[in-house]
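What follows is a single structure, written as C-alpha cells, with notes after it.
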Amino acid sequence: MKCPACGHPEMVSKTQDETLSYGGQSLTLHAMRGEFCPVCDEGVWDSESYRRYTEAQAALLRAVKGDVSGEIRRIRKNLKLTQAQLAEAFGVGKVAFSRYERGETRPPAPVVKLLKLLERHPDLLKEMNTV
Ligand SMILES: [Zn+2]
C-alpha cells in the first residue's frame with residue numbers, strides 16, 4: 001500500500017508497541033499491527049489494532065478527566081465552599097462546578113490552576129470576592 005502522508009509506494013508490515021500519552025498519564029499497547037512507511041514513519045493500523053487504539057485513547061481521556069473532577073471536588077471541600085459559592089467567586093455560571101465535578105465538562109486550565117493556588121493560599125478567596 002501507498003503511504004497516505006508522503007506517497008512512498010511501499011509500506012512495511014510491522015508489529016510493535018505503541019504508547020499513548022495524555023495529560024501526564026500514559027498507556028502502552030502491545031503487539032499493535034499495521035503498515036508503516038520507512039520514509040516518514042507514518043503508520044496505518046489494521047482494523048483490530050485501530051479499534052484497540054481508539055478504545056485506549058478514550059479510556060485514557062476518561063482517566064485523566066476523572067482525576068481532574070476528583071481534584072476539583074477535593075479542593076472545593078477543603079475550602080469549605082459549595083459549588084454555587086465557588087462559581088460566584090470565580091464569576092462563572094452556577095452549574096459550572098457541578099459539571100466539572102461530574103466530568104461532564106472539562107474545566108478550563110486557568111480554573112484548575114486558580115483552584116490549586118487557592119488550596120495553598122485560602123486567604124486569597126476573600127480578595128477574589130471583591131475584584
Ligand atoms: Zn511516508
Side-chain angles (χ1 to χ4, degrees):
M1 107 185 235
K2 201 171 143 187
C3 173
C6 75
H8 183 76
E10 252 176 281
M11 307 264 292
V12 180
S13 290
K14 263 202 280 191
T15 300
Q16 62 176 43
D17 290 353
E18 175 78 10
T19 301
L20 297 171
S21 301
Y22 181 78
Q25 295 203 24
S26 63
L27 203 150
T28 299
L29 295 165
H30 299 285
M32 293 283 286
R33 280 188 313 272
E35 307 265 312
F36 292 86
C37 175
V39 177
C40 73
D41 264 349
E42 174 73 8
V44 180
W45 302 118
D46 72 12
S47 59
E48 163 70 10
S49 294
Y50 180 72
R51 187 187 56 75
R52 284 169 55 207
Y53 186 89
T54 50
E55 277 176 12
Q57 211 171 27
L60 199 58
L61 201 68
R62 275 198 304 275
V64 172
K65 264 192 180 178
D67 282 346
V68 175
S69 335
E71 192 163 19
I72 287 183
R73 183 182 297 268
R74 183 184 59 75
I75 295 173
R76 178 176 62 76
K77 296 221 159 155
N78 280 345
L79 294 170
K80 298 185 171 53
L81 290 173
T82 65
Q83 292 175 342
Q85 286 169 325
L86 196 55
E88 200 180 324
F90 274 61
V92 295
K94 264 187 194 153
V95 294
F97 281 93
S98 150
R99 287 199 179 124
Y100 300 155
E101 290 181 16
R102 277 182 291 150
E104 274 179 32
T105 312
R106 187 165 174 76
V111 166
V112 179
K113 283 185 189 240
L114 196 52
L115 260 179
K116 287 182 177 169
L117 202 63
L118 283 173
E119 186 182 30
R120 282 187 282 137
H121 308 282
D123 50 305
L124 290 178
L125 202 62
K126 285 194 256 9
E127 291 185 45
M128 275 187 75
N129 286 320
T130 60
V131 290

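Indexing begins at 1, ligand by ligand and atom by atom, following the structure's order. All values reported here derive from a predicted model rather than from experimental measurement. Excluded from the calculations below are hydrogen atoms, water molecules and symmetry mates; all remaining heavy atoms, backbone and side chain alike, are included.
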Tell me which pairs pass side chain to side chain donor-acceptor pair (under 3.5 Å) where either residue lies in residues 106-122, with sequence neighbours left out.
Arg74-Glu119
Under the rule for side-chain contact (heavy atoms from CB on, under 4.5 Å), what residues qualify as partners of Ala84, not counting sequence neighbours?
Thr82
For Tyr22, enumerate each residue passing the ring-ring contact (aromatic ring centres under 6.0 Å, His included) test, keeping only those at least two apart in sequence or located in another chain.
none
Does the pair Arg76/Glu101 count as a salt bridge with the N-to-O cut at 4.0 Å?
yes
Salt bridge present between Arg52 and Glu55 (N-O < 4.0 angstrom)
no
Counting only protein atoms, how many N/O/S atoms are less than 2.8 Å away from the Zn ion (ligand 1)?
4
Taking all atoms of both residues into account, what is the closest heavy-atom pair of Met1 and Glu35, and its distance?
SD-CG, 3.9 Å
